[in-house]
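Remember, it's 1-based here, ligands and their atoms both numbered in the order they're listed.
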Amino acid sequence: MKIKLNDMATSGILMSESSKLYEEAMKVLVGGVNSPVRAAIRPYPFFVREGKGPYIFTVDGQRLIDYVLGYGPLILGHAPEPVVKRVMEYINRGWLYGAPTEIEVALAKKIVSHFPSIKKVRFVNSGGEAVATAIRLARGYTKRRKILKFEGCYHGAIDYVLVKAGSAAAHFGTPSSAGVPEDVAKLTLVARYNDLDSVERVMRSEGNDVAAIIVEPVMANYGVIPPREGFLKGLREIADKYGALLIFDEVVTGYRLGLGGAQRYYGVSADITTLGKIIGGGFPVGAVGARDEIMDLLSPRGPVFNAGTFNGHPISMIAGLATIDVLETTNAYDIAISASRRLAEGINDVLSRSGIDHVVNWVPTMLQVFFTKGEVIDHETAGKSDTKLYLRLHEELLKRGVFIAPSQFEAMFTSSSHTSDVVEETLRQIEDSVKALKQV
Ligand SMILES: *Cc1c(COP(=O)(O)O)cnc(C)c1O
């Protein structure tokens, strides 16, 4: 397939539709957007008219090959036929009852079949809600107060995890957002990703009061940073040693690294798993899963409260179910994984030839390039990369019809709609973009 470059789209004439909308948006939405990364596109975000397969089409008529994919959920690309069909079928029946439907049972069964550590599921409405519920469950189960997280891991916009490392001497964290009380942040301990010694140090002094260690099994909200050999297994052992639960936040890795998520891919089991993104097929969703003994503490069975008007929303459930059906029965993963691998290799080649310092981190269907020397293994090494150069790459690519996230600290995602033609076209645009980077 040939991608037509729409030169006019960047000339400032056709972009004016987005710019007009942005001006309107700025008056009534904070920063013109509803989630901050969307405002990072300069000079203003493009507004989207529609998406199909690997493409999004802006209101200004530009076609973009999309490697953002809604920040992860769209593993089949935009508006895949089988999902559209099931959603249309179900939406005509009505969509909210305050009573159970068979669809949520079917989706829960799928998840239980793919994750051996999960015997029951609670569906909520976002990844952040899933994390809040998982933490409450861990506290209810262990009757302990503290949690341990990793610097640079993202777990949603909720107080307990909007916490960064405090002073070097202290183990406890400080708020990474205004409005999060110090007292709340103090209950969150912070260690360094891929560094078991840092975990052991914190646990040695605080372990008896730690309800859970929570981790992104692949750090995917600080670029993409895979776990080192033995890191996840080491966390499993440390959690067991101190009687803490291990929470894998698989909101993004779940169904991206394959049907069993990071747990199957790396062969390490969590006590509590959070899911989201893909399991709603692009509709709002979150889920918590664990063994019966833990899950049965949730209301209505147990004393740990959770409820939600939209929990198990039928349309999210059917879209998730349809997506997982496709992942189970077709070669969707093969295509999405090949695309991510080819893209990672291709970017590496182009940058190596150009002599620009870089690191490309890859896991199945996710990757990111960092402009730095040496490896990127945690927040500190990632933080050394040239974020301005990354942004310029993003801008050069956007001019050439390719959309990657406007932040170094996000991931590139692939889908089953990113066929080899689409990826090769992307690599040609990357080649040209890197040439443009070198010309200043
Ligand atoms: C996206 C994400 C979240 C938050 O999910 P929302 O649906 O945006 O609330 C939490 N954890 C991880 C690992 C994520 O990638």
Side-chain angles (χ1 to χ4, degrees), residues 33-38 67-75 115 121-138 147-164 176-177 188 193 212-227 232 235 246-257 261-263 265-266 270 272-289 306 308 310-313 315-317 319-320 323 361 363-368 378-379 382 405 407 409-414:
V33 295
N34 275 300
S35 198
V37 72
R38 297 175 199 171
Y67 292 97
V68 176
L69 295 173
Y71 289 95
L74 303 177
I75 196 160
F115 287 80
V121 178
R122 168 65 51 90
F123 289 112
V124 292
N125 302 292
S126 69
E129 261 184 63
V131 166
T133 308
I135 290 172
R136 188 175 302 139
L137 251 184
I147 57 165
L148 185 152
K149 82 175 284 277
F150 294 89
E151 187 85 8
C153 278
Y154 177 73
H155 302 292
I158 58 167
D159 287 7
Y160 302 129
V161 286
L162 287 176
V163 173
K164 58 181 195 285
S176 63
S177 160
T188 301
Y193 191 78
I213 298 175
I214 181 166
V215 67
E216 283 184 81
V218 174
M219 211 156 129
N221 288 277
Y222 216 87
V224 171
I225 307 179
L232 298 175
L235 290 183
L246 183 60
I247 302 174
F248 273 9
D249 181 357
E250 295 226 42
V251 169
V252 65
T253 53
Y255 291 96
R256 263 210 173 270
L257 297 200
Q263 293 176 62
Y265 190 73
Y266 293 109
I272 304 180
T273 303
T274 54
L275 295 165
K277 297 196 169 127
I278 286 176
I279 65 159
F283 288 82
V285 81
V288 188
N306 167 266
F310 298 115
N311 282 4
H313 194 284
I315 300 304
S316 299
M317 298 289 105
T323 300
N361 280 354
V363 295
T365 78
M366 302 193 264
L367 61 140
Q368 187 53 299
D378 56 19
H379 70 285
S407 162
F409 303 115
E410 299 287 350
M412 294 182 203
F413 296 102
T414 57

>> Show, in sequence, the C-alpha distance, side-chain angles and deciding distance for Val161 and Ile135, and conclude whether the side chain to side chain contact (heavy atoms under 4.5 Å, CB included) test is met.
In response: CA-CA 10 Å; Val161 286; Ile135 290 172; 4.0 Å; yes
>> Please evaluate residues Leu367 and Val224 with respect to the criterion side chain to side chain contact (heavy atoms under 4.5 Å, CB included), reporting the C-alpha separation (whole Å), side-chain torsions for both, the decisive distance (0.1 Å), and the verdict.
In response: CA-CA 6 Å; Leu367 61 140; Val224 171; 5.5 Å; no
>> Checking Ile213 against Phe150 for the side chain to side chain contact (heavy atoms under 4.5 Å, CB included) test, could you report, in this order, the C-alpha distance in whole Å, the side-chain angles of both residues, the deciding distance, and whether it holds?
In response: CA-CA 9 Å; Ile213 298 175; Phe150 294 89; 3.9 Å; yes
> When you look at Asp378 and Ile225, which way does the side chain to side chain contact (heavy atoms under 4.5 Å, CB included) test go after all the steps?
Replying inline: CA-CA 7 Å; Asp378 56 19; Ile225 307 179; 5.6 Å; no
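Residues of the protein with a heavy atom under 4.0 Å from ligand 1 are Ser126, Gly127, Gly128, Tyr154, His155, Gly156, Glu216, Asn221, Asp249, Val251, Val252, Lys277, listed by chain and number.
Side-chain atoms of Arg136 and Asn306 form no donor-acceptor pair, as typed in the model, at a separation below 3.5 Å.
For the pair Phe123 and Ala287, the tightest heavy-atom approach, listed with the atom from each and the gap, is CD2-CB, 3.7 Å.
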